[in-house]
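Some notes on the structure that comes next.
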Amino acid sequence: APLIWFAVGVALAGLATAFAYFTNYSNVGAANSMRRIWDHPWHEETPESKWWMKSYYACLSVSVVSGFASLGLFVMGMYKVWGAVISLGQ
């Protein structure tokens with residue numbers, strides 16, 4: 001059973017890494033799709049850049065949640081191994 005906790009933790013860590021990449025990709029997409037103007041702040045949002053920002057926040061949320069879930073599963077796996085080792089002594 002502890003091996004399953006660790007395996008799911010590794011899968012979630014991979015998912016967090018993938019969505020961290022998608023977060024950066026979405027951020028660049030938002031920056032590149034903004035309209036350049038001659039007045040400060042030198043750019044303005046477009047419908048496409050707003051969509052990219054929604055994608056950015058969605059990917060960021062998935063990345064953070066799966067990263068913390070991965071850490072939680074690793075801790076749970078360590079706790080299960082600790083319990084199994086303690087029960088061997090009885």
Side-chain angles (χ1 to χ4, degrees):
L3 188 56
I4 292 174
W5 290 100
F6 285 121
V8 175
V10 167
L12 282 177
L15 183 71
T17 303
F19 273 92
Y21 170 79
F22 294 140
T23 298
N24 290 327
Y25 187 81
S26 297
N27 196 16
V28 169
N32 286 337
S33 63
M34 288 189 175
R35 185 175 317 129
R36 277 68 173 176
I37 57 176
W38 291 100
D39 295 321
H40 189 270
W42 315 116
H43 64 276
E44 64 184 7
E45 289 185 338
T46 62
E48 184 181 1
S49 68
K50 289 179 183 179
W51 182 89
W52 277 110
M53 286 309 293
K54 288 178 185 176
S55 173
Y56 168 81
Y57 286 117
C59 291
L60 180 64
S61 299
V62 171
S63 179
V64 169
V65 168
S66 60
F68 281 119
S70 172
L71 288 174
L73 289 172
F74 284 136
V75 169
M76 184 59 109
M78 289 188 305
Y79 177 74
K80 294 286 187 180
V81 168
W82 175 75
V85 169
I86 293 297
S87 69
L88 286 176
Q90 294 179 357

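Both backbone and side-chain heavy atoms feed into the values below; hydrogens, waters and symmetry mates do not.
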*State which residues pass side chain to side chain contact (heavy atoms under 4.5 Å, CB included) with Asn32; sequence neighbours excluded, sorted by chain then number.*
Val28, Arg36
*Would you find more than 12 non-hydrogen atoms of other residues, nucleotides or ligands less than 6.0 Å from Phe74 atom CZ?*
yes
*Measure the OH-OG distance between Tyr56 and Ser49 for me, rounded to the nearest 0.5 Å.*
14.0 Å
*Is it true that Val81 and Met76 fall in one hydrophobic cluster, defined by side-chain heavy atoms closer than 4.5 Å?*
no
*Just wondering, are more than 12 heavy atoms of other shown residues or ligands nearer than 6.0 Å to CG in Leu71?*
yes
*asked:* Same cluster or not: Trp51 versus Tyr25, using hydrophobic residues (I, L, V, M, F, W, Y) connected whenever any side-chain heavy atoms lie under 4.5 Å apart?
replied: yes
_Run Met78 and Phe6 through side-chain contact (heavy atoms from CB on, under 4.5 Å) and show every step you take._
CA-CA 8 Å; Met78 289 188 305; Phe6 285 121; 4.0 Å; yes
*First locate atom CH2 of Trp52, then atom OH of Tyr57, and finally report the distance between them rounded to the nearest 0.5 Å.*
15.5 Å
*Which heavy atom in Ser63 sits nearest to a heavy atom in Ala16, and how many Å separate them?*
OG-O, 3.1 Å
*Please say which of Val65, Val64, Val62 ends up in a side chain to side chain contact (heavy atoms under 4.5 Å, CB included) with Phe19.*
Val62
*Hey, is CD1 on Ile86 packed in by over 12 heavy atoms from elsewhere, all under 6.0 Å?*
yes
*Taking every non-hydrogen atom, the tightest pair across Gly9 and Ser70*: O-OG, 2.7 Å
*asked:* Applying a strict under-4.5 Å side-chain criterion to I, L, V, M, F, W and Y, I'd like to know whether Val75 and Val85 cluster together.
replied: yes
*Can any side-chain N or O of Ser33 pair as donor or acceptor with the backbone N or O of Gly29 at less than 3.5 Å?*
yes
*Rounded to the nearest 0.5 Å, how far apart are CD1 of Ile4 and CG of Leu73?*
11.5 Å
*Check for a donor-acceptor pair, side chain of Thr46 on one end and backbone N or O of Met34 on the other, with a separation under 3.5 Å.*
no
*Measuring from Leu12:CG to Ser66:OG, what's the distance to the nearest 0.5 Å?*
6.0 Å
*Is Cys59 close to Ser55 at the side-chain level, that is, under 4.5 Å between some pair of heavy atoms?*
yes
*Determine, using the 4.5 Å side-chain heavy-atom cutoff (strictly less than), whether Tyr79 and Val8 are members of one ILVMFWY cluster.*
yes
